[in-house]
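Excluded from the calculations below are hydrogen atoms, water molecules and symmetry mates; all remaining heavy atoms, backbone and side chain alike, are included. Per chain, numbering begins at 1; letters A, B, ... match sequence-line order.
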Amino acid sequence: MIRKVLIANRGEIAVRIIRALRDMGIASVAVFSEADRKARHVRLADEAYPIGPAPSSQSYLRAEAILEAARRSGADAVHPGYGFLSENADFARRCGEAGLAFIGPPPAAIEAMGEKTRARQIMARAGVPVVPGTLEPLEDLPSALREARRIGYPVMLKAAAGGGGKGMRLVQSEEEMEGAFRNASSEALQSFGDGSVYLEKAVLRPRHIEMQVLADGKGNCLWLGERECSIQRRHQKIVEEAPSPFVTPDMRARMGEIAVRAARAVGYVNAGTVEFLVSPEGEFYFMEMNTRLQVEHPVTEMVTGLDLVKEQIRIASGEPLRIRQEDLRLRGWAMECRIYAEDPENGFLPCPGPIVAVRLPEGPGVRVDSAVYGSGEVSIHYDPMIAKVIAWGEDRPAAAAVMNRALQEFQIVGIRTNRHFLLQIVSHPEFLAGNLSTDFIPRFLGPGEYRRPEPHPVADIAAAIAAYESAVRGQAAPPAQRSVSAWRRALR
Amino acid sequence: MIRKVLIANRGEIAVRIIRALRDMGIASVAVFSEADRKARHVRLADEAYPIGPAPSSQSYLRAEAILEAARRSGADAVHPGYGFLSENADFARRCGEAGLAFIGPPPAAIEAMGEKTRARQIMARAGVPVVPGTLEPLEDLPSALREARRIGYPVMLKAAAGGGGKGMRLVQSEEEMEGAFRNASSEALQSFGDGSVYLEKAVLRPRHIEMQVLADGKGNCLWLGERECSIQRRHQKIVEEAPSPFVTPDMRARMGEIAVRAARAVGYVNAGTVEFLVSPEGEFYFMEMNTRLQVEHPVTEMVTGLDLVKEQIRIASGEPLRIRQEDLRLRGWAMECRIYAEDPENGFLPCPGPIVAVRLPEGPGVRVDSAVYGSGEVSIHYDPMIAKVIAWGEDRPAAAAVMNRALQEFQIVGIRTNRHFLLQIVSHPEFLAGNLSTDFIPRFLGPGEYRRPEPHPVADIAAAIAAYESAVRGQAAPPAQRSVSAWRRALR
Amino acid sequence: MRYVILRDEREIPVEVVPREGGYRVTVDGVPHEVDSEFLLPGLYSLLVDGKSWEVNVYSPEPDVYHVHLYDGARRVELLSPIGLVLRAQSTGAGGRGSSVRAPMPGRVVKVLVEVGQEVRKGQGVIVVEAMKMQNELQALADGVVRELRAREGEGVEGGADLVVLDPLAEGG
Amino acid sequence: MRYVILRDEREIPVEVVPREGGYRVTVDGVPHEVDSEFLLPGLYSLLVDGKSWEVNVYSPEPDVYHVHLYDGARRVELLSPIGLVLRAQSTGAGGRGSSVRAPMPGRVVKVLVEVGQEVRKGQGVIVVEAMKMQNELQALADGVVRELRAREGEGVEGGADLVVLDPLAEGG
């Protein structure tokens, strides 16, 4: 029985986990860096302990400090969220040694799936279809060139130690390999402390579709339906939905069974996600398994009616699953948009800075998971994803309409966000037609990715009134945040 | 086909209707009084027109001004929301004459149900069970005393022309009749421009359970399940839920069929609600039919997956219902709490005033329908209900837990609200046990209704720090709103 | 800095000592390590001995603080030693008047008493309407109506005196 | 008050005339009745000929306004007649420098060029890392590296000059 849980994370996911714990009557313990004292997860938790300076490497990535906070607070379990230490088998193991339930899979399963090339070997043996590629990390550039020639361009370079688009590069031809290999390795090193990368055949115009699985410690393992995650910007998911407009009930069942097979092959327990690369013809290949809660888990919650974090906690406390595969019912359609503190008009460069005011969208079909708040701040030290907008509708057009409305209502005054860019995506005819692929953005939104809308008389009127009032009434329009405007000048 | 809809209302319901219209790609036209220029419904609508001074009688109740705004905007339909002109048959008729689709029932149906005593006669004839009482309005006090003696005390005095608790009084004995009759009449006159009242046998410890119906113009009429509305303060609903913990599937079907019979008896079209008084033994009596959208409609939406406002609009544009009775599926449990700008510690007196900041609750299972916003204001001229918090969970305990969490997260800085009072209700053991009745509040929360919680060291600490900082740093704690604090002094 | 909380006839000692990142606050002899962050006017985030609290603090009148925790609002009467002295002096000096005040801006619907009339504590004296609701305001103590400051149909300010009462003879 | 909007080499005349409850704004000869409400700094509610708009307005630099409508942000360059004159004078006077600036606070990961090196427009010159993402900054024009103002591993301010370029000989 779990009574008090420490959340080894920050931002929206820490807040989301605290909510689940509150709903279950379980005490929550937050940890925070010096930059996060005022953060929402600290304010919403029952307890909160400092764990070090702002940089992740000195706080949220420090297992030592987190375990110490768990000891001080008397927590009996740890939820790692996503990112940070969530896929760190050593951390999971140390939690166990400290007598803490790790709300996630067994360390062995994390290791098996964490080392991507090894995972591909295991999957291949288990009869899970994998994309042709190297089953070993590449020692050096020459071997990369050799393997790429063997598989045939285009190929994809991927970090062996992690996911999330970090350290990933598409290589179209021999010439691009050197630069791509260097960048991918250094980025992998930066992000995961391990610079090794591997090669995969690049499936052209693929979809990225993933299957949610749930396994208890009693040998029960279910699939909960797919998530369509094809809308990505530079390998970073930004719009997800469930179900996928591409997946038929039959394909769903086949994917689900393969996903369950993949999970069983590594003795998986708790919630996990098997990511598939899907060709336009509908063949699907195992890409990787994320041995943690996914950012986009809410869309599955909206259509299944299940609370995945609560399920994770029940599983970690030794309870058997309360539903069987045949109980699964999908209702309606759900979409998620990730709000990033970045400037679409400026190469999507991150926009840290102070938040003046926040107005959340609300009303029918709208769910928000966020960590932003008025008079708060987006820190330079962490991932710029600051909020998730989730929309539900009785069918896909209804869900898209709700998402459109929610994005229009969402106001974050003070910093730039990708909100308008997301609006352009979810209102795009090809998106509404369900014509999705991982190259959706370059393909349909053009190379510049973000199209500045046409001039509008109301914009001219607003500018004139702002100018007039700043001159006459002294109500000056606030400057955009310094770094951005400076950068804008540099760009001109 | 409806292309542009004028919303003849304000506040959260106007905003909620605008959202449905936006989702359907239909243009929205707001109307506003001089007090509402900055209101959210004005800012969210596609168009907005002024209709007069702040008092409702000179703006939102002025059919003339509203029809003129409809003409100017070129709207082809009008949605009345609830309250104001929503149950005014004459207004509905004038819309029709002006070539505007009235998104609600036919005028004749409004009239039939609007005049409560006549409605009871029609229902009795149609075989719908009604509470014993006078079928005619009472001419005067003597006749009231005579009828009460015939039926036997306790009796309920009700306004013949309207609902919503206005002009309603429970009379326990002969002595109370004179005062109650006077107050009820004058309040009825104030609220509905008609002072006539009638008598009903008071069912002791009753539940208030209502059934949602939906009828198209093609002769199809469905019931969508019940709403439990027993938690009331002075005849004003404040907590509602769907389904009712008291209603079995069999009872639900019987109630539903009776409700459909009631609707058919007056040739009802569009969305409507049949309110039943339910005795502890489970007999249910027709109370009245609300010929409009209910405040609490969202709980039905959460469990049925239907959007009632969209359904209203489809029906008004002549479409047939797309579902049949047997398609109705209820999923999980939903609750709604009404946030009022009133001070529970001060006899629940309304607290109009400026809003400093608003922090909406968010996360899994939470829906908010509101019209409040930071730097906004709650006007003295309108109903103090400023927001609705809706919570969904897989079962009743889960929904109650989500509601608890949501109410805790909801922050409205600047004005007093009944949030803590609502928290006391939804966390009360008798509420969680489903032991609901219209006298729940006096019965379980005591005559004072709101119990100030025990002293808490953290409160003492916070007060001390506030005092210290105002003295040393000049960060003074803001005064509560003047009128309230003045009143507090008067009360001591 | 030392304070006193008045509660149930008791004087509870409180001490606030600033320290790095917050305060050490001692209430009734019990010390608490408090990490305090000012968020918005009246809104604080407190970490008290590791527990996290988000609190709203209002001061509707001098020396009185309304502190909203998750489960409800507390009224804390907190004085500085000086304030305590002043309070002591002022006591007895006339005490509080017993006029009935308007709870909020509104309109007088009905005046139920006349000048010179004797009223009992709790008796309705005037009906004020605001936000579509009629509120019957009651006498806060037995007394005699000295003055009516509002007429029927008249608009009134929040907090305004409406009916002024004199204590009953035997009470005077 | 008269203004001019610069767009596509055109000078579009704008006039703002205050009137009761708002303004009459004439853009390019087309008059609009505008009911304008100031909500928050940079946030306005506008009723333009009956249509309702909620707009965010920022002014990142003099005479430039970023106006956010529901569907996206517009950049409006709007000058007073005086501003127009000043602009005319300053033009040609050196024009804009072509140094590469830090887009945001961050850390220099790698410097890809040396002093004296010739670079082409669009060529990567320095890699800056912030928020876990590496951004390769590019030369904005052909040129020769005159000065390096940041070293690898060094933290940099948003907007700081990192690499200063001289125009190429033929360009000078």
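Using a 4.5 Å cut-off between heavy atoms, Ser186(A) touches chain D through backbone and side chain atoms alike. For Gln411(A), the part lying near chain D is the side chain, with the backbone staying farther off; criterion is any non-hydrogen pair under 4.5 Å. Both the backbone and the side chain of Leu69(D) come within contact range of chain A, each with at least one heavy atom under 4.5 Å from a heavy atom of that chain. For a residue to count as touching a neighbouring chain, one of its non-hydrogen atoms must lie under 4.5 Å from one of that chain's; by this rule Ala463(A) touches chain D with backbone and side chain alike. Using a 4.5 Å cut-off between heavy atoms, Gln190(A) contacts chain D through its side chain alone, with no backbone atom that close. At a 4.5 Å heavy-atom cutoff, Arg2(D) makes no contact with chain A through either its backbone or its side chain.
In this structure, the separation between CZ on Arg359(A) and CG on Leu40(D) is 11.0 Å, given to the nearest 0.5 Å. Interatomic distance, CD1 of Ile461(A) versus CZ of Arg24(D), reported as 11.5 Å (0.5 Å rounding).
Summarising the local packing, CD of Glu178(A) is surrounded by 12 or fewer heavy atoms from other residues, nucleotides or ligands at distances under 6.0 Å. Counting non-hydrogen atoms of other residues, nucleotides and ligands closer than 6.0 Å to CZ of Arg19(D) gives a total above 12.
With respect to chain A, the highest number of heavy-atom pairs below 4.5 Å among Val34(D), Val127(D), Asp161(D), Val67(D) belongs to Val67(D). For chain A, the option among Val48(D), Val55(D), Asn56(D), Leu78(D) with the highest count of heavy-atom pairs below 4.5 Å is Leu78(D).
Residues of residues 7-17 of chain D having a heavy atom under 4.5 Å from any heavy atom of chain A, listed by number: Arg7(D), Val14(D), Val16(D).
Contact of the Ile465(A) side chain with the Ser36(D) side chain is registered, since non-hydrogen atoms from C-beta on lie closer than 4.5 Å.
For the pair Arg74(D) (side chain) and Asp460(A) (backbone), a donor-acceptor distance under 3.5 Å is absent.
The heavy-atom pair separating Tyr3(D) from Ala464(A) by the smallest distance is CE1-O, 4.2 Å. In terms of heavy atoms, Ala73(D) sits closest to Pro453(A) at O-CD, 3.6 Å. Closest of all the heavy-atom pairs between Tyr468(A) and Pro18(D) is OH-CG, 3.2 Å. Between Tyr58(D) and Gly414(A), the shortest heavy-atom distance links the atoms OH-N, 3.6 Å.
Partners of His32(D) according to the side chain to side chain donor-acceptor pair (under 3.5 Å) rule, which considers only residues two or more places apart in sequence or in another chain, are Asp49(D).
Side-chain atoms of Arg416(A) and His66(D) include a donor-acceptor pair closer than 3.5 Å.
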